[in-house]
Amino acid sequence: MDDQNKKPDELQGFSHNEDQTRERQTDFRTERDDPYAGIRRESEPYTFGPFGRTQPYEAGAAPGQSDPEQAEVVPASREYRPFTVSGGVRGGAWQSPPRRTSLRALFASFMVGVVVVGGLMFAADRGNWFTQETFAASSQGETAKAASVPVSNAVDTVRPNNIAKIFEQSSPAVVKIETYVKANSRRSNSQMDDLFRQFFGEDPGSGDNGGDNGSDNGGSLQESGMGSGFLFESNGYILTNQHVIADSDDIEVTVVGHNKPFKAKLLGSSYDLDLAVLKIEGTGFPTLKLGDSSSSNMGDWVIAIGNPYGFDHTVTVGVLSSNEREISIPDSQGTRNYQHLLQTDASINPGNSGGPLLNLQGEVIGINTAVSSQAQGIGFAIPTSTIKEVLDNLKSNKAIPKKPVPFIGATLMTVTPEIADKLGLSGQTGSLVRDVVYGSPAYKADLRAYDVITGMDGTDYKDNESLIAAIQKKNVGDKVKLHVIRNGQKIDITVQIGDKNQFTNNDFNQQ
C-alpha cells in the first residue's frame with residue numbers, strides 16, 4: 001500500500017530534493033515566454049532516432065534571448081497571410097477583395113463529394129474492379145515470370161475459433177479414473193519412483209496410510225491414484241494408460257451426467273505400450289472418434305482434455321511440436337520403452353494421463369501419457385496409429401504380439417583405460433562382456449564374461465553403444481561373427497541373433 005502513495009520517480013529508485021525543486025520552479029517562469037521550454041528541458045537526454053538535434057540547447061539561456069553582440073534585425077512591416085493565390089499578382093495598382101464562400105456552398109460541395117465517392121465505391125463493388133481475377137485478366141498479355149509462388153495466409157488466424165465448440169462436444173466423453181488399493185497390499189516406494197515422477201509427474205506409491213495397516217482395518221481400500229480416460233464405444237469401453245490403473249485393486253470411473261461413479265473392469269492392458277481398456281456397465285455413453293495421427297503435421301493445433309490435479313475436465317491448447325519421439329521411462333516394474341510418440345506443448349500435468357489429445361476436427365490423435373518435469377511445454381502422447389494396431393487385443397484381453405527385438409543375450413559395457421589395464425590390454429577399445437543370459441544365443445555360442453568384443457563381421461566398434469546399434473540392425477535368425485579377445489588371445493565367435501521377447505529377463509542393458 002505504501003507504493004501506491006509514492007511519487008513515480010520514487011518508485012523507480014529516484015527521489016527529489018529541495019534544490020532541484022526550487023530550480024525547477026524558477027525555470028517554470030520562463031514558460032510564459034516560451035510554452036515549450038519545459039518540454040525541451042525534459043527531452044534533453046533523448047534524441048530523435050539516429051539524427052538527434054540540429055543545434056545544441058543551453059539550459060541556462062532563456063528562450064528567445066539573443067547574443068548581446070549580435071546586431072538587431074528590424075522586421076519588415078509587411079503583413080503575412082497564411083495562404084496566397086498561386087499565380088496571383090502581388091503588385092499593381094489594384095487588388096480585388098477576396099470572396100467569401102457561403103456555408104450553403106460548402107455544404108453543397110461536401111454532399112456532391114459524398115455522392116460521387118459513394119457512387120464510385122458502389123460501381124467498384126458491383127464491377128469487381130479490385131479483385132484478383134480482374135488483375136489477372138489485365139495481366140494475361142504479360143510474359144514476365146514470377147520469382148516464386150507466394151504462400152497464402154488469408155485464412156490463418158492467431159488461434160482457432162472452434163476450440164470452445166470442440167470442448168463442448170468432446171468433454172462429456174472424457175472420464176475421471178480413480179484407483180484404490182487394499183491397505184495391507186500397499187507397496188513401499190522404490191528407488192525408481194523419482195524417475196517415474198520425472199516423466200509422469202505422479203507418485204506411484206503416494207498416499208497417506210493414515211496410520212492404518214492391513215491387520216487393523218482388515219484390508220480396507222485406500223485411494224492410490226487418479227487419471228483420465230475417454231469412452232471410444234457407447235457401450236462403456238474406455239481407453240486409458242496402463243500406468244494409471246497399474247497395481248490397483250479397485251477402479252472407479254466418473255462420467256459426466258451421472259451422480260455416482262461406475263465400477264470399472266480391466267479387460268486388457270500392455271505394460272510395454274502403456275495402454276489399457278476398461279469396461280463399465282451401461283449403454284448410450286458419449287464417445288470420441290479415433291482419428292489418424294499420421295495425417296497430423298508439426299505445427300498443427302491440438303487440444304488436451306483431462307483432470308490435472310483433480311480439476312475435472314480441464315482443457316489446454318497447443319501445437320504438435322514433433323512426432324516419432326522415443327523415450328524410456330524406468331519404474332518399479334521395469335522400463336517402458338516408448339516409440340513413435342507425439343510431442344506437444346499443450347499443458348499436461350499429473351492427472352492428464354490417459355486423456356485424449358484432439359485435432360481441430362474433434363478426433364483423438366493420441367493419449368496424453370508423459371511430461372518432462374524438467375522442462376516447460378514438453379509433453380508426450382501415444383499416437384492412434386499405435387493404438388489401433390492393438391485395440392482389438394486389449395478389448396478381448398489377448399496377448400499383444402510383440403515385434404522381434406534382435407539381441408545376443410549379453411550385458412555389455414565400454415572398455416575404459418582402467419579396465420584395459422586390469423585385463424592387460426593397454427590401449428585396447430571395445431565392449432566388455434559383464435554377464436551372459438542363460439540359454440541365450442551368446443550362451444549357446446560360448447561367449448563368456450570378461451570377454452572383450454572388438455568388432456563384428458570385420459568392422460571394429462570402439463564402444464558398446466555402437467556395437468549394440470549394429471546388433472539391433474540385424475534380423476532375428478541372422479548369424480554374425482564377433483571378434484573377441486579372451487585371455488589376451490584373439491578369437492572369432494559365431495552367434496545367431498535371437499529374439500529378446502522370448503526371454504523372461506528383459507533387461508534393456510542386455511544385447
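Scope of the values below: all heavy atoms of this structure, side chains included, with no hydrogens, waters or symmetry mates.
The closest side-chain donor-acceptor pair between His340 and Ser385, if any, does not fall under 3.5 angstrom. Judged purely by distance below 3.5 Å, without hydrogens or angles, the side chains of Tyr309 and Asn352 never pair a donor atom with an acceptor atom.
Summarising the geometry, atom CG belonging to Asn464 is positioned 10.0 Å from atom CG belonging to Leu432; distances are rounded to the nearest 0.5 Å. Residue Asn397 holds its CG atom at 7.5 Å from OG of Ser269, rounded to the nearest 0.5 Å. In this structure, Thr314 OG1 and Ile348 CD1 are separated by 12.5 Å, a value rounded to the nearest 0.5 Å. To the nearest 0.5 angstrom, Thr494 atom OG1 is 8.0 Å from Leu482 atom CG. Summarising the geometry, atom CD1 belonging to Ile365 is positioned 4.5 Å from atom CG belonging to Leu357; distances are rounded to the nearest 0.5 Å. To the nearest 0.5 Å, atoms CG (Asp499) and OG (Ser440) are separated by 13.0 Å.
Distance alone, capped at 3.5 Å, is enough to place a donor-acceptor pair between the Tyr271 side chain and the Thr335 backbone. Using a distance-only test at 3.5 Å, with no hydrogens or angles considered, no donor-acceptor pair links the side chain of Ser353 to the main chain of Gly227. Asp345 places no side-chain N or O within 3.5 Å of a backbone atom of Leu320 that could act as its donor or acceptor partner. A donor-acceptor pair is defined here as one N or O able to donate and one able to accept, closer than 3.5 Å; no such pair exists between the side chain of Ser170 and the backbone of Phe167. Side chain of Asn307 to main chain of His313: a donor-acceptor pair is present (N/O by atom type, distance under 3.5 Å, no hydrogens or angles). Checked by atom type and distance alone, the side chain of Asn337 never pairs as donor or acceptor with a backbone atom of Asp272 at under 3.5 Å. Judged purely by atom type and a 3.5 angstrom limit, Asn368 uses its side chain to pair as donor or acceptor with the backbone of Pro356. Looking at Thr454, its side chain does come within 3.5 Å of a backbone N or O of His483 through a donor-acceptor pair. With hydrogens and angles ignored, the 3.5 Å screen pairs a side-chain donor or acceptor of Asn359 with a backbone N or O of Gly362. Remark: the backbone N or O of Thr179 is not paired with any side-chain donor or acceptor of Ser248 at under 3.5 angstrom.
Salt-bridge check for Asp457 with Lys474: passed, with a basic side-chain N closer than 4.0 Å to an acidic carboxylate O. A salt bridge links Arg486 with Asp451: the closest approach of a Lys/Arg side-chain nitrogen to an acidic carboxylate oxygen falls below 4.0 angstrom. The pair Asp460-Lys462 fails the salt-bridge criterion, with no side-chain N (NZ, NE, NH1 or NH2) lying under 4.0 Å from an Asp/Glu carboxylate O. Contact check on Arg336 versus Asp274 returns a salt bridge, with a Lys/Arg side-chain nitrogen under 4.0 Å from an Asp/Glu carboxylate oxygen.
Side-chain contact between Met456 and Lys481 is absent, with no heavy-atom pair separated by less than 4.5 Å. Within the 4.5 Å cutoff, side-chain heavy atoms of Asp249 are placed close to those of Leu221. In this structure the side chain of Ile367 reaches within 4.5 angstrom of the side chain of Ile387, judged on heavy atoms. Counting only heavy atoms from C-beta outward, the side chains of Tyr237 and Lys395 approach each other to under 4.5 Å. Contact annotation: the side chain of Trp301 approaches that of Val317 to within less than 4.5 Å [non-hydrogen atoms, C-beta and beyond]. For the pair Ile163/Ile303, a side-chain contact is recorded, criterion being any heavy-atom separation below 4.5 Å from C-beta on. The closest side-chain heavy-atom distance from Leu391 to Leu290 is below 4.5 Å. Taking 4.5 Å as the limit, some side-chain heavy atom of Leu278 sits within range of a side-chain heavy atom of Thr240.
Considering all non-hydrogen atoms of both residues, Phe230 and Gly355 come closest at CD2-C, 4.5 Å. For the pair Val452 and Leu425, the tightest heavy-atom approach, listed with the atom from each and the gap, is CG2-CD1, 4.1 Å. Contact record, Gln472 with Pro406: O-CG, 3.8 Å, taken as the closest heavy-atom pair. Of all heavy-atom pairs spanning Pro308 and Asn349, the tightest one is CB-CB, 3.8 Å. Residue Thr384 comes nearest to Ser293 through the heavy atom pair OG1-N, 3.1 Å, listed as atom of the first residue, atom of the second, then distance. Between Asn393 and Pro401, the shortest heavy-atom distance links the atoms ND2-CD, 4.0 Å.
For Lys388, the NZ atom is densely surrounded, since the number of other residues' heavy atoms within 6.0 Å is greater than 12. Applying the 6.0 Å contact sphere to CD of Glu324 captures more than 12 heavy atoms from other residues, nucleotides or ligands. Within 6.0 Å of CD in Gln489 there are 12 or fewer heavy atoms belonging to other residues, nucleotides or ligands.
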From CA spacing to verdict: side-chain contact (heavy atoms from CB on, under 4.5 Å), Leu394, Leu275: CA-CA 8 Å; Leu394 294 174; Leu275 294 173; 3.8 Å; yes
Intermediate values then yes/no, side-chain contact (heavy atoms from CB on, under 4.5 Å), Leu342 and Arg325: CA-CA 6 Å; Leu342 304 177; Arg325 293 299 194 193; over 6 Å; no
Verdict with reasoning, Ile329 to Phe380, per side-chain contact (heavy atoms from CB on, under 4.5 Å): CA-CA 12 Å; Ile329 305 178; Phe380 301 96; over 6 Å; no
Between Glu223 and Glu178, is the side-chain contact (heavy atoms from CB on, under 4.5 Å) condition met? List the steps. CA-CA 7 Å; Glu223 186 176 359; Glu178 296 174 289; 3.8 Å; yes
List the atom pairs, with distances to 0.1 Å, where a side-chain N or O of residues 279-287 and a protein N or O form a donor-acceptor pair under 3.5 Å, not counting sequence neighbours.
{"from": "Lys279", "atom 1": "NZ", "to": "Asn235", "atom 2": "O", "distance (Å)": "2.9"}

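Under a cutoff of 6.0 Å and an axis angle of 45°, Lys289 and Phe232 do not form a cation-pi pair.
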